[in-house]
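This report refers to the structure that appears directly beneath it.
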Amino acid sequence: MTRVLITGGAGFIGSHYVHHALTTHDDWQVTVLDKLTYAGNPANLEDLEGHPRYRFVRGDIASRGDVDAALEGGIDCLFNFAAETHVDRSIGDAEGFIRTDVYGTYTLLEAARAREVKAFVQISTDEVYGSVAQGRSRETDALMPRNPYSASKAAADRLAYSYFATYGLPVFISRASNNYGPRQYPEKVIPLFVTNALEDQPLPLYGDGQNVRDWLYVTDHCEALDVVLLKGTPGEVYNIGGGNERRNIEITELILDTLRKPRALLRYVQDRLGHDRRYALDCSKIRALGWTPRTPFEQGIDRTISWYASNRSWWQPIKTGEYLEYYRKHYRL
Ligand code: NAD
Ligand code: TYD
């Protein structure tokens with residue numbers, strides 16, 4: 001059995017990777033370590049209760065005691081998905097991002113080093129390159145993060161690399177573009193806009209709506225991470241992009257049209273501070289290892305919209321309490 005720790009497994013991408021791992025790798029014993037912050041949701045993993053190769057540990061990656069408890073019984077391989085992930089929240093208050101994304105990664109690296117793990121996969125992001133006016137970022141490009149979220153992820157990315165260069169820890173670093181799909185917390189733009197549209201609420205589009213993101217369907221990301229682990233080289237970075245660059249206005253109109261909602265629901269609002277204009281990745285390195293994204297954007301967005309339309313019981317309880325407080329304060333609605 002290969003003993004695998006997946007941190008942040010109750011979140012959006014982490015929960016998809018946990019399901020993918022258990023169905024794809026028969027010989028993996030999976031432990032999830034998750035603090036269950038506002039973004040972590042036990043419902044994302046509830047169908048796995050009682051699974052013989054799955055264990056859930058509630059804990060903080062920034063606590064060495066919690067990490068050691070999760071690693072009891074040994075460890076071969078670690079995927080670090082756990083993070084504070086929302087750019088807007090990082091602009092409001094960066095502290096939790098430094099604590100989890102930077103110090104938490106340090107804590108995991110130390111624990112991994114003490115146990116001589118065979119692979120440490122650090123889930124980084126294309127946002128570490130900063131805004132890219134033209135062309136596509138390559139793995140060797142300089143990092144130029146421009147908000148507290150991306151800066152804390154860049155720190156973790158390079159800290160992980162330093163454990164490879166200094167101690168020989170087998171670290172693999174992935175930098176994926178914007179993910180979308182079922183179970184994404186409805187503060188990120190696609191689930192926010194889909195759920196708002198379903199409730200006939202305004203869709204708050206920042207600035208001029210011309211910012212560009214490259215959309216990657218979440219299960220394609222999971223497949224790419226297997227390629228990084230199984231075919232990648234320790235110490236290397238791998239870009240993972242969907243090859244679907246879209247302007248935010250296009251996505252907004254597509255969501256409204258698909259749900260047959262009026263364009264009048266579109267509401268231009270004040271721009272995000274320091275809003276990165278465009279992210280774009282050159283993915284030739286991981287494509288050379290045999291990975292390619294399989295989900296065309298039109299198919300992925302259709303599947304995503306249908307999922308939110310038929311899983312109101314997943315997102316309606318989230319859009320209450322703390323969420324509404326954040327929403328009203330942030331959007332001044
Ligand atoms: P998410 O916000 O949906 O989930 C984060 C998970 O981490 C939650 O389950 C939360 O409870 C857990 N967590 C937070 N702090 C923790 C702590 N201190 N200890 C233990 N668990 C903690 O995030 P996501 O969108 O699934 O992103 C997962 C990873 O992928 C992150 O590292 C993120 O930076 C990276 N990433 C995300 C995207 C994207 O588009 N969502 C793109 C590229 C990279
Ligand atoms: P988001 O989903 O927060 O991801 P990220 O900032 O990490 O790329 O935002 C995606 C894009 O959508 C980004 O350009 C900001 C924009 N956006 C809006 O226009 N309105 C919103 O309410 C949100 C949350 C994002």
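Side chains included, hydrogens not; waters and symmetry mates left out as well; all remaining heavy atoms used. First listed ligand is number 1; within each ligand, the first listed atom is number 1. One-based numbering along the sequence shown. Keep in mind that this is a model prediction, so the values were computed, not measured.
The shortest contact between atom 40 (O) of ligand 1 and any protein heavy atom is with N179 N, 2.8 Å. Of the protein's non-hydrogen atoms, P204 O, 2.8 Å is the one closest to atom 20 (N) of ligand 2. With hydrogens left out, the protein atom closest to atom 28 (C) of ligand 1 is F81 O, 3.4 Å, a heavy atom. Closest protein heavy atom to atom 8 (O) of ligand 2: R213 NE, 2.7 Å. Of the protein's non-hydrogen atoms, I13 N, 2.8 Å is the one closest to atom 26 (O) of ligand 1. In terms of protein heavy-atom proximity, atom 2 (O) of ligand 2 is nearest to V189 N, 2.9 Å. Taking atom 21 (N) of ligand 1 as the reference point, the nearest protein heavy-atom neighbour is K35 N, 3.0 Å. Of the protein's heavy atoms, N248 ND2, 3.4 Å lies nearest to atom 16 (C) of ligand 2. The protein atom (non-hydrogen) at minimum distance from atom 4 (O) of ligand 1 is G11 CA, 3.4 Å. Of all protein heavy atoms, the one closest to atom 4 (O) of ligand 2 is N178 ND2, 3.4 Å. Of all protein heavy atoms, the one lying nearest to atom 17 (N) of ligand 2 is Y206 CD1, 3.4 Å. Looking only at protein heavy atoms, the nearest one to atom 25 (O) of ligand 1 is F12 CD2, 3.8 Å. Among protein heavy atoms, the minimum distance from atom 15 (C) of ligand 2 is reached at H275 NE2, 3.3 Å.
Ligand 1 does not have Y38 within reach: every non-hydrogen atom of the residue lies 4.0 Å or more from it. Between Y149 and ligand 2 there is no heavy-atom distance shorter than 4.0 Å. Between G96 and ligand 1 there is no heavy-atom distance shorter than 4.0 Å. The shortest heavy-atom distance from G59 to ligand 1 is under 4.0 Å. Residue S177 places a heavy atom less than 4.0 Å from ligand 1. Contact between Y185 and ligand 1 is absent, with no heavy atom of the residue lying under 4.0 Å from the ligand.
Shown here for F297 and I251, the closest heavy-atom pair between the two residues is CZ-CD1, 3.6 Å. Contact detail for R246 and W215: the closest heavy-atom pair is CB-CD1, 4.1 Å. In plain terms, the two heavy atoms of V30 and I6 that are nearest each other are CG1-CD1, 3.8 Å. For the pair E84 and Y38, the tightest heavy-atom approach, listed with the atom from each and the gap, is OE1-CE2, 3.8 Å.
Side-chain contact between Y326 and R89: present, with at least one pair of heavy atoms (C-beta onward) separated by less than 4.5 Å. The shortest side-chain heavy-atom distance between Y308 and S306 does not fall under the 4.5 Å cut-off. The closest side-chain heavy-atom distance from Y327 to P204 is below 4.5 Å. Between L48 and H19, some side-chain heavy-atom pair lies under the 4.5 Å cut-off. Using a 4.5 Å heavy-atom threshold, the side chains of E199 and W315 count as touching.
Ligand-side atoms of ligand 1 in range of N178: 40 (O), range being under 4.0 angstrom from any heavy atom. Every atom of ligand 1 is numbered from 1 in the order shown, and the set under 4.0 Å from a heavy atom of Y149 is 33 (C), 34 (O). Each of the following atoms of ligand 1 lies closer than 4.0 Å to a heavy atom of D60: 17 (C), 18 (N), 19 (N). For ligand 2, the atoms lying closer than 4.0 Å to a non-hydrogen atom of N211 are 14 (O). Per-residue contacts place I123 under 4.0 angstrom from the following atoms of ligand 1 (heavy atoms of the residue considered): 30 (O), 32 (O), 35 (C). Taking every heavy atom of L205 and a limit of under 4.0 angstrom, the matching atoms of ligand 2 come to 19 (O). Of all atoms in ligand 2, numbered sequentially from 1 with element shown, those under 4.0 Å from a heavy atom of H86 are 3 (O). Within the listing of ligand 2, atoms 24 (C) sit less than 4.0 angstrom from a heavy atom of E187. Close contacts between ligand 2 and Y331 involve ligand atoms 21 (C), 22 (O), 23 (C), 24 (C) [criterion: under 4.0 Å to a heavy atom]. Using a 4.0 Å cut-off to heavy atoms of K153, the atoms of ligand 1 that qualify are 31 (C), 32 (O), 33 (C), 34 (O). In summary, the atoms of ligand 1 found under 4.0 Å from a heavy atom of T85, numbered by their order in the structure, are 1 (P), 2 (O), 23 (O), 27 (O), 31 (C), 33 (C). Taking a cut-off of under 4.0 Å to the non-hydrogen atoms of L36, the atoms of ligand 1 that pass are 11 (O).
For F120 and Y163, the gap between ring centers reaches or exceeds 6.0 Å. Within the 6.0 Å centre-distance limit, the rings of Y103 and Y106 are counted as a close aromatic pair.
Between the side chains of D220 and T295, at least one donor N or O lies within less than 3.5 Å of an accepting N or O. Residues Y331 and R267 bring no donor and acceptor atom of their side chains to less than 3.5 Å of each other. Of the N and O atoms on the side chains of Q210 and R247, at least one donor lies less than 3.5 Å from an acceptor on the other residue. Checking H20 against D226 by side-chain atom types alone, a donor-acceptor pair falls below 3.5 Å.
Checking only distances, A176 never comes within under 3.5 Å of ligand 1, N or O to N or O. Remark: ligand 1 and T125 share no N or O pair separated by less than 3.5 Å (distance only, no angle test). For A62, no nitrogen or oxygen atom sits less than 3.5 Å from a nitrogen or oxygen atom of ligand 1, counting backbone and side chain alike.
When the heavy-atom distances from atom 5 (C) of ligand 1 to A39, A82, A83, S124 are ranked, the shortest goes to A83. Nearest residue to atom 9 (O) of ligand 2 from Q184, E127, R272 is R272 (criterion: closest heavy atom).
Note on R263 versus D257: salt bridge recorded, some NZ/NE/NH1/NH2 to OD/OE distance being below 4.0 Å. Taking a cutoff of 4.0 Å between a charged side-chain nitrogen and a carboxylate oxygen, R136 and D141 do not qualify as a salt bridge. Using a cut-off of 4.0 Å between Lys/Arg side-chain N and Asp/Glu carboxylate O, D157 and K153 are scored as not salt-bridged.
Within the 4.0 Å heavy-atom criterion, the part of L192 lying near ligand 2 is the side chain and not the backbone. Here I190 has no heavy atoms under 4.0 Å from ligand 2, in either its backbone or its side chain. At a heavy-atom cutoff of 4.0 Å, ligand 2 is contacted by the side chain of V87 but not by its backbone.
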Fill in: Candidate pair D66 and K35, rule side chain to side chain contact (heavy atoms under 4.5 Å, CB included), full reasoning
CA-CA 10 Å; D66 289 357; K35 189 178 173 183; over 6 Å; no
Item to complete: Report the C-alpha distance between Y279 and E127 in whole Å, list the side-chain angles of each, state the deciding distance to 0.1 Å, and finish with yes or no for side-chain hydrogen bond (donor to acceptor under 3.5 Å, both in side chains).
Response: CA-CA 7 Å; Y279 302 132; E127 305 196 19; 3.2 Å; yes
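Among D126, L281, V128, the one residue that satisfies the side chain to side chain contact (heavy atoms under 4.5 Å, CB included) test with S137 is L281.
For the pair R303 and Y217, the cation-pi criterion (under 6.0 Å, within 45° of the ring axis) is fulfilled.
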